[in-house]
There are 4 protein chains.
Amino acid sequence: MIIAGHIAGQIERGERAVGSRLPSELELSNMWQVARMTVRRAIRELTERGLVRAVHGKGTFVTESRGEASGR
Amino acid sequence: MIIAGHIAGQIERGERAVGSRLPSELELSNMWQVARMTVRRAIRELTERGLVRAVHGKGTFVTESRGEASGR
Amino acid sequence: MIIAGHIAGQIERGERAVGSRLPSELELSNMWQVARMTVRRAIRELTERGLVRAVHGKGTFVTESRGEASGR
Amino acid sequence: MIIAGHIAGQIERGERAVGSRLPSELELSNMWQVARMTVRRAIRELTERGLVRAVHGKGTFVTESRGEASGR
DNA sequence: GTGGTCTAGACCACT
DNA sequence: GTGGTCTAGACCACT
């Protein structure tokens with residue numbers, strides 16, 4: 001997914017700080033001009049890679065960069 | 001709802017006496033670490049099942065256990 | 001609730017046809033200048049009165065006018 | 001009321017800007033160590049004097065200083 | 001000081 | 001792109 005790769009790159013380059021909130025689903029779907037489901041799939045991809053964590057009612061947050069959490 | 005089921009179980013097992021007051025919405029939201037509106041949804045569920053009754057300005061009270069109200 | 005009463009009136013006067021879709025929650029919240037949760041409370045009222053039915057992912061539809069459903 | 005007079009003084013001296021939000025009822029009751037009802041009566045006093053406007057779910061806002069709005 | 005209503009806005013589940 | 005749930009926190013009404 002292009003969107004997931006783009007955001008992953010931002011996180012890995014440190015352009016999105018650990019702990020910071022991603023734009024909301026609605027904002028991302030407007031920014032990329034895609035449907036909500038497409039945004040959600042991208043975020044799910046990032047979640048599975050351990051880069052972000054979605055918190056119901058609050059937002060989606062950067063958890064780390066370059067998979068620091070697992071196996072270290 | 002997990003919270004509603006938990007409290008319903010306490011009432012049905014007699015751990016919460018008929019006529020006793022539940023913790024306030026604020027206390028429950030702190031105990032369960034959820035927003036107050038989520039607590040209110042759980043209490044609404046219990047109210048509809050006839051287990052508790054909320055009284056404005058006073059609190060929420062256990063009305064019965066195991067559906068004693070109807071047909072007695 | 002004023003909003004619920006207003007929409008109920010439209011349905012009862014036949015201004016909203018049976019089977020037609022209500023404006024979405026987002027549209028209604030813009031139209032009435034209230035939060036979406038307030039719109040949802042109004043729709044919940046209408047649902048309990050049997051006037052509309054909300055279908056997840058599709059919309060909220062007028063089911064009848066003047067309580068035609070029961071006793072027919 | 002001492003609290004109302006204190007806040008009115010702040011507004012009239014410009015220490016609370018027009019459009020700014022007052023501390024919430026809970027914050028004010030903690031600050032002054034009084035019950036919520038006492039705070040509400042003070043705010044009601046300020047509302048009747050036209051200094052603030054309470055907006056449900058949002059907060060209480062300074063509308064003006066020295067009664068500029070009416071009859072000017 | 002409790003329950004009741006509302007705001008603004010997030011993610012979730014579904015079609 | 002809709003309805004469903006949740007967060008955080010405000011004022012309102014009541015006892």
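Scope of the values below: all heavy atoms of this structure, side chains included, with no hydrogens, waters or symmetry mates. Chain identifiers are assigned alphabetically (A, B, ...) following the order of the sequence lines, protein sequences preceding nucleic acid strands; residue numbering begins at 1 within each chain.
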Which pairs would a plain distance check flag for residues 35-44 of chain B, meaning a side-chain donor or acceptor within less than 3.5 Å of a matching protein atom at least two apart in sequence or in another chain?
residue, atom, partner, partner atom, Å
B/Arg36, NE, B/Glu25, OE1, 2.7
B/Arg36, NH2, B/Glu25, OE1, 2.9
B/Arg40, NH1, B/Glu25, OE2, 2.7
B/Arg44, NE, B/Glu48, OE2, 3.3

Are there runs of at least three consecutive Watson-Crick or G-U pairs touching DNA chain F, with each pair's two distances under 3.5 angstrom? Give them by first number. E:1-14 with F:1-14

A/Glu27 vs C/Gln33, nearer the 5' end of DNA chain E by closest nucleotide: C/Gln33

Rounded distance [0.5 Å steps], CD in C/Gln10 versus CG in C/Leu51: 11.5 Å

Assigning hydrophobic clusters by single linkage (Ile, Leu, Val, Met, Phe, Trp, Tyr; side-chain heavy-atom cutoff under 4.5 Å), is A/Trp32 placed with A/Ile11? yes

Integer-rounded Å distance: F/dG3 C1' and C/Leu46 CG: 15 Å

Atom CZ of C/Arg41 to atom C1' of F/dG4: distance rounded to whole Å? 16 Å

If two hydrophobic side chains count as joined below 4.5 Å and joins carry through other members, does D/Val18 share a cluster with D/Val55? no

Candidate nucleotides F/dT5, E/dT7, F/dT7, ranked by approach to the side chain of C/Thr38 - the nearest: E/dT7

Would you kindly give the CZ-to-C1' distance between D/Phe61 and E/dT7, to the nearest whole Å? 10 Å

Decide whether C/Phe61 and C/Leu22 are clustered together by the hydrophobic rule: side chain heavy atoms of Ile, Leu, Val, Met, Phe, Trp, Tyr closer than 4.5 Å, transitively. no

Heavy-atom check, side chain of C/Leu28 versus side chain of C/Ile3, under 4.5 Å: no

Which pairs, protein N/O on one side and nucleotides 11-15 of chain E N/O on the other, fall under 3.5 Å?
residue, atom, partner, partner atom, Å
E/dC11, OP1, A/Thr60, N, 3.4
E/dC11, OP1, A/Thr60, OG1, 3.2
E/dC11, OP2, A/Glu25, N, 2.7
E/dC11, O2, A/His56, NE2, 3.3
E/dC12, OP2, A/Arg40, NH1, 2.7
E/dC12, OP2, A/Arg40, NH2, 3.3
E/dC12, N4, A/Arg36, NH2, 3.3
E/dA13, N3, C/His56, NE2, 2.6

Could you tell me the separation between the NZ atom of C/Lys58 and the CZ atom of C/Arg21, rounded to the nearest 0.5 Å? 10.5 Å

Whole-Å distance between E/dC6 P and C/Ile3 CD1? 8 Å

Just the rounded figure in Å: distance from C1' of E/dC6 to CD1 of C/Ile2. 13 Å

Heavy-atom closest pair (C/Gly50 atom, C/Thr63 atom, distance to 0.1 Å) is O-OG1, 2.9 Å

